[in-house]
Participant: 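Encoded as structure tokens, here's the structure I'll be asking about.
All values below come from the heavy atoms of this structure, side chains included, with hydrogens, waters and symmetry mates left out. Both ligands and their constituent atoms are indexed starting at 1 by order of listing.
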Amino acid sequence: MIDLRSDTVTRPTPAMMQAMFSAPVGDDVFKDDPTVNALEAKAAALFGMEAAIFCPSGTMTNQVSIKVHTRPGDEVICHKLSHVYYYEGGGIAFNSGASVCLLEGDHGRITAEDVEAHINPDDIHRPVSRLVSVENTMNKGGGAIYDFNELQKIGAVCKANGLGYHLDGARLFNALVETNETPLQYGKLFDSISICLSKGLGAPVGSLLLGSKTFIKQASRVRKVMGGGMRQSGILAAAGIYALDNHIERLKEDHERARTIGVELSNLPYVDEVYPTQTNILVFKLNNKMNDSLLIRKLAEHDIHGMIFSPQTIRFVTHLDFTDDMMQKTISVLRSLA
Ligand SMILES: *Cc1c(COP(=O)(O)O)cnc(C)c1O
């Protein structure tokens with residue numbers, strides 16, 4: 001099976017499994033799990049942030065963060081296609097009772113100018129602007145990478161206006177391996193950062209939320225309320241430590257394979273447009289020579305699986321379990337459908 005639906009479909013490698021089997025564990029709700037503690041300390045140090053907390057999912061790290069940053073009625077500024085708004089089941093309203101201000105922007109990226117223009121004045125009619133959330137890389141934007149200068153400018157706007165600044169960095173490492181920026185620079189810029197271990201990094205479960213000591217203390221209370229306090233979760237954290245040690249640099253291979261398929265796609269008669277392929281997400285639009293569900297069905301006949309992202313728009317995501325041979329097969333099947 002060639003599974004390009006998401007980079008979440010990877011299975012733990014034998015070496016990762018070994019790390020999980022041999023991990024020392026304890027009850028993490030009592031802060032007694034040495035492996036969870038080690039993962040949290042490792043991630044905090046990597047980003048130069050004071051503390052981190054391990055959660056079951058990226059949705060939870062984002063939602064916990066938003067809950068800590070806001071009070072009911074406050075407003076969160078983000079792109080209209082951002083994961084925190086578009087793919088988290090209305091969690092901003094459900095968990096935090098917060099309002100949203102949805103911005104447009106190139107391939108899912110917002111600008112400092114636009115953020116500044118949408119901060120509400122001190123007027124009792126208007127929600128209080130409280131938090132800006134950005135996503136890097138941007139899933140709906142086809143894995144687009146932010147220009148770090150723009151992120152810094154947005155940070156300056158947040159500071160000047162007393163707004164919190166959150167990064168949904170589910171795929172931040174995909175951006176970092178393609179640019180010259182470091183985790184430390186990101187740690188310095190943001191009040192809170194969420195990173196996923198179960199996407200391109202290949203761990204079976206888990207995400208981390210990073211922030212100041214005070215922030216993470218509040219986050220651990222919210223995580224507990226949401227039912228995310230786990231016990232011998234060191235078994236999962238061990239996979240995360242292994243992923244941070246071994247699976248970051250190789251993300252470049254995933255990007256290379258996505259680019260190669262992207263170039264092929266742009267030459268096919270049924271493809272209208274391929275989004276710029278900066279990382280491991282490949283998004284392309286079909287013209288009237290091909291129907292979206294027909295393409296998905298035809299690919300499935302060859303046991304190749306992709307996803308309809310929006311009408312006539314397809315998403316492929318490359319990952320740890322997608323090899324060069326699979327790439328060649330995918331390319332020849334795509335060609336054969338022309
Ligand atoms: C996958 C993802 C998340 C979190 O997803 P979970 O499935 O809850 O772990 C958050 N943000 C982005 C951009 C994502 O792609």
Participant: Applying salt bridge (Lys or Arg N to Asp or Glu O under 4.0 Å), can you list everything that pairs with Asp324, at least two apart in sequence or on another chain?
Facilitator: Arg257
Participant: Side chain, backbone, both or neither: which part of Lys199 has a heavy atom under 4.0 Å from ligand 1?
Facilitator: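 It is the side chain that gets close, since no backbone atom is under 4.0 Å.
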Participant: Can you tell me which residue pairs pass the ring pair (Phe, Tyr, Trp, His ring centres under 6.0 Å) test with a partner in residues 1-29, sequence neighbours excluded?
Facilitator: none
Participant: Check whether any N or O atom of Ala170, backbone or side chain, sits under 3.5 Å from an N or O atom of ligand 1, and answer yes or no.
Facilitator: no
Participant: Tell me the contacting part of Ser57 for ligand 1: side chain, backbone, both, or neither, using a 4.0 Å heavy-atom threshold, strictly below.
Facilitator: both
Participant: Just checking, is any N or O donor in the side chain of Asn280 or His319 under 3.5 Å from an acceptor N or O on the other one?
Facilitator: no
Participant: What part of Asn62 sits under 4.0 Å from ligand 1 if we count only heavy atoms: the side chain, the backbone, both or neither?
Facilitator: side chain
Participant: Taking 4.0 angstrom as the limit and counting only heavy atoms of Glu135, give me the atoms of ligand 1 inside it, by number and element.
Facilitator: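 Here the atoms of ligand 1 in question are 13 (C).
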Participant: If you measure from each non-hydrogen atom of Thr59 to ligand 1, which part falls under 4.0 Å: side chain, backbone, both or neither?
Facilitator: both
Participant: How long is the straight-line distance from OG of Ser82 back to CG of Leu102, given to the nearest 0.5 Å?
Facilitator: 7.0 Å
Participant: Taking distance alone, with no angle check, do Asp168 and ligand 1 share an N/O pair under 3.5 Å?
Facilitator: yes
Participant: What I want to check is whether the side chains of Gln278 and Glu178 have a donor and an acceptor closer together than 3.5 Å.
Facilitator: no
Participant: Heavy atoms only, cut-off 4.0 Å: how does Arg171 contact ligand 1, side chain, backbone, both, or neither?
Facilitator: side chain
Participant: Are any non-hydrogen side-chain atoms of Tyr86 and Asn139 less than 4.5 angstrom apart?
Facilitator: no
